[in-house]
Number of protein chains: 2
Amino acid sequence: MTMSNTGGRRKPPTIHDVAREAGVSRGTVSRVLNGGHYVSPAAAQAVDAAIRKTGYVVNRHARSLITGRSDSVGFLLTEPQERFFEDPNFNVLLRGCTQALAAHDVPLLLMLAGTDDERRRITRYITAGHVDGVLLVSSHSGDPVAEELRAAGVPLVACGKPIGMGSKVSYVAADDRDGARDMVRHLLALGRRRIGVVTGPLDTPGGVERLAGYREVLAEAGVEADERLVVSGDYSRASGEAGAERLLARAPDVDAVFVASDLMAQGVLTALHRAGRRVPEDVAVGGFDDSPAAVAASPELTTIRQPWDRISTEMVRVLLAQIGGEDPAAVILPTELVKRDST
Amino acid sequence: MTMSNTGGRRKPPTIHDVAREAGVSRGTVSRVLNGGHYVSPAAAQAVDAAIRKTGYVVNRHARSLITGRSDSVGFLLTEPQERFFEDPNFNVLLRGCTQALAAHDVPLLLMLAGTDDERRRITRYITAGHVDGVLLVSSHSGDPVAEELRAAGVPLVACGKPIGMGSKVSYVAADDRDGARDMVRHLLALGRRRIGVVTGPLDTPGGVERLAGYREVLAEAGVEADERLVVSGDYSRASGEAGAERLLARAPDVDAVFVASDLMAQGVLTALHRAGRRVPEDVAVGGFDDSPAAVAASPELTTIRQPWDRISTEMVRVLLAQIGGEDPAAVILPTELVKRDST
DNA sequence: TTCTCTACTGTGAACGATCACAGAAGCATG
DNA sequence: CATGCTTCTGTGATCGTTCACAGTAGAGAA
């Protein structure tokens, strides 16, 4: 009677076992594993059968040791984590990336760079070649980690247009400017003319672009620009509330507000309600993001939806292409106006 | 003039380079790297200096190839992903696990088992030994993936008590039952006697335990049990709304409701409001989870906070211990009553 | 001295894959 | 028949570590 292996882990079969089982050499098995070129149909079939019979799974460490690739990808978040981790869109992004990578059999390593210590560790880890590329979420400017990775030649795809880095870095972003244009056009179409804006942080490309879109449409519609109608926020709910109060004080005749995030728009609604303005009758409010906050608000927010599912799949596509040797690329995806009750 | 390496990746230094630089052998460098036992202080110092000078980082693939360990851990979500990915507590958990692992220099691989295809792929991946252990989020019963992993002897720590599996699997959970007890005692202390409950799904241990806590406290307080006061939900907001309506129809004299999740509690508030009941004057409402929904609700919800940050660090601690050879363990962590305006 | 014990160091042999290369077989062409 | 070309196959070398083992040096005891 031999030892039972209950509870323990049995030594897994190697490529050698498969080769012996199939009656071919290691080289042939390896060729079958990697695309099957230069393999006779008979050999390929025998190898497939042997793999199924033995339950063989390639040892990625052995493979990586010789290929120099790790066949894995890092998902790096260098944003202040509270903000992003509370954003449901971040979840959609993370999930989308994980699934898109899984389809290529590439594991995703989650990396959070909160403290400087973590920042250093992660930079070392990545530049040491432990991952083949990095999906980067870091919308604030002058990120030292991103710059170091770029300098080290690590394939990199950012979520949102990174600023302060050369054009050598790939990114995938929603068309913020066009989304803002759509929203402001929508407000104009409702007959509003005194359209205010609560911007996002202006050290982020998103914040800048959304404001630019607002300005463009007003200019092309011949509506007089009034800087009293422009107040800035930081995407937080509180800053939306404060922004709306400032707006009401500076331009009491405002009849619409384009708010650069749904969370801020919630704050705007609160402030308007407190001031006795009805939404949308007195003031129409448009948000941005189509987050759960948009439907949780009352009235439900008209907003701009960013295609987060497509953003994630595009990020993965671009990154894998870049790992495969292609040049960096920029992808801009269209947004969509979602009409609800606040306009 | 030599080739510039701008943009390319230079071949990284190996343990051999470090050994040469330090004037010692590979073996000595390896010993320094792995704890430094049986190494003279002089040699250790020379090696440390050489590592700093060369910028050496260990090649994990080469190490893993011979040790058989991967020095990485999987974070596996087999729950229906919509539900969990929308739960902010899930984010806290994921972040906590990632950071706790990072402190041990262990990367976290994110794995989402949505489709059956993904389930199979992930099971193969894990049982092939590509990760040393798994942090498991899967509260529903009879999870085939979990069962397979357990059978394969993969170190496993579940979040929340898994049901339908032997006692051989580690888990970390909040004390659901005690949390429920605290809440119901709190409602009793307010003088309420007709206390209803909207349960969670009763095929999850959390749902079962919270209901059990409710029953226990009423029994020990000598309050008559009335099954009309018990309705079941599925943690969703809509089910909370429906549950409250059923409750009001079956027991109009209800003066308090213990709701097994904040999201459901929001629905309960909506239904009570519509029925013209004031909260907390006519009906006190207690939630569970202390999610953002709790403070977003009006009135703000009294609720039970689960220690998600501690849950994550404990899961990591238990998993690493188990990988290190220790026996499976169960950890139950205390909850906390958070009093707000709904009671 | 001689022996033993401890603390430390170096060396060859793994680990399990890929890769480059050499060579065989089959077939068409000169 | 010799030659060249294509397709397919097997073999050693290799990646960068750790591990087991052998060996050295120095201290202390007999």
Side-chain angles (χ1 to χ4, degrees), chain A residues 9-48 50-51 54-72 105 107 124-125 127-132, chain B residues 9-48 50-51 54-72 105 124-125 127-130 132:
Chain A
R9 294 219 231 173
R10 175 178 272 147
K11 196 170 188 185
T14 73
I15 200 173
H16 218 108
D17 301 324
V18 175
R20 186 158 10 88
E21 178 71 32
V24 298
S25 71
R26 287 166 11 241
T28 300
V29 177
S30 178
R31 278 184 285 266
V32 171
L33 254 39
N34 301 301
H37 298 300
Y38 288 95
V39 177
S40 68
Q45 206 173 333
V47 169
D48 279 335
I51 288 176
T54 55
Y56 170 78
V57 179
V58 67
N59 182 324
R60 298 173 90 106
H61 302 303
R63 170 184 285 171
S64 294
L65 180 55
I66 191 151
T67 60
R69 285 173 284 127
S70 72
D71 293 317
S72 68
D105 224 349
R124 276 174 70 93
Y125 188 89
T127 54
H130 291 326
V131 292
D132 294 339
Chain B
R9 294 220 230 173
R10 175 177 273 147
K11 197 170 186 183
T14 72
I15 201 173
H16 218 108
D17 301 324
V18 175
R20 186 157 12 87
E21 178 70 34
V24 298
S25 71
R26 287 165 13 241
T28 300
V29 177
S30 177
R31 276 184 285 265
V32 171
L33 254 37
N34 301 301
H37 298 300
Y38 287 96
V39 177
S40 69
Q45 206 172 334
V47 169
D48 280 336
I51 288 176
T54 54
Y56 170 78
V57 178
V58 67
N59 181 325
R60 298 172 90 105
H61 302 303
R63 171 183 287 171
S64 293
L65 180 54
I66 191 152
T67 60
R69 285 174 285 127
S70 72
D71 292 318
S72 67
D105 223 349
R124 275 174 70 93
Y125 188 90
T127 52
H130 293 324
D132 294 340

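Within every chain, numbering begins at 1; the chains are lettered A, B, ... in the order of the sequence lines, protein sequences first and strands thereafter.
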Could you tell me the separation between the [atom1] atom of [X] and the [atom2] atom of [N], rounded to a whole number of Å?
| X | N | atom1 | atom2 | result |
| --- | --- | --- | --- | --- |
| A/K11 | C/dA14 | NZ | P | 11 Å |
| B/I15 | D/dC15 | CD1 | P | 15 Å |
| A/L65 | C/dT18 | CG | P | 12 Å |
| B/D71 | D/dT17 | CG | C1' | 12 Å |
| B/H61 | C/dA14 | NE2 | P | 24 Å |
| A/Y38 | C/dA22 | OH | P | 16 Å |
| A/R60 | D/dT17 | CZ | C1' | 20 Å |
| A/D17 | C/dG16 | CG | P | 9 Å |

Can you name the nearest heavy-atom pair linking [X] to [Y], along with the distance?
| X | Y | value |
| --- | --- | --- |
| A/L65 | B/N59 | CD1-ND2, 4.1 Å |
| A/T28 | A/A43 | CG2-CB, 4.1 Å |
| A/G129 | A/S70 | O-CB, 4.2 Å |
| B/N34 | B/R63 | OD1-NH2, 3.6 Å |

inquiry  = Need to verify one output field. Residue with the more 5' nearest nucleotide on DNA chain C, A/V58 or B/V24?
reply    =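 Closest to the 5' end, via its nearest nucleotide, is B/V24.
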key: 5'-most by nearest nucleotide on DNA chain C - B/S40 or A/N59   =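 First, find each residue's nearest nucleotide; the 5'-ward one identifies B/S40.
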Option from B/I15, B/T14, B/V18 for which side chain to side chain contact (heavy atoms under 4.5 Å, CB included) with B/T54 holds =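 Running side chain to side chain contact (heavy atoms under 4.5 Å, CB included) over B/I15, B/T14, B/V18 with B/T54 returns exactly one hit, B/V18.
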query = Got a donor-acceptor contact below 3.5 angstrom from the A/S30 side chain to the A/R26 backbone?
reply =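 Looks like no, no N/O pair under 3.5 Å.
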task = Check step by step if side-chain contact (heavy atoms from CB on, under 4.5 Å) holds for B/V57 and A/Y125.
result = CA-CA 8 Å; B/V57 178; A/Y125 188 89; over 6 Å; no
task = Please tell me which of the listed nucleotides, C/dG16, C/dT18, D/dT18, lies nearest to the side chain of B/N34?
result =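 Nucleotide nearest to B/N34's side chain: D/dT18.
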inquiry  = Taking the minimum atom-to-atom distance to the side chain of A/T67, which one of D/dT17, D/dC19, C/dT18 wins?
reply    =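 The nucleotide sitting nearest to the side chain is C/dT18.
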Residue-level proximity of residues 25-33 of chain B to DNA chain D when a heavy atom falls under 4.0 Å =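 The answer is B/R26, B/S30.
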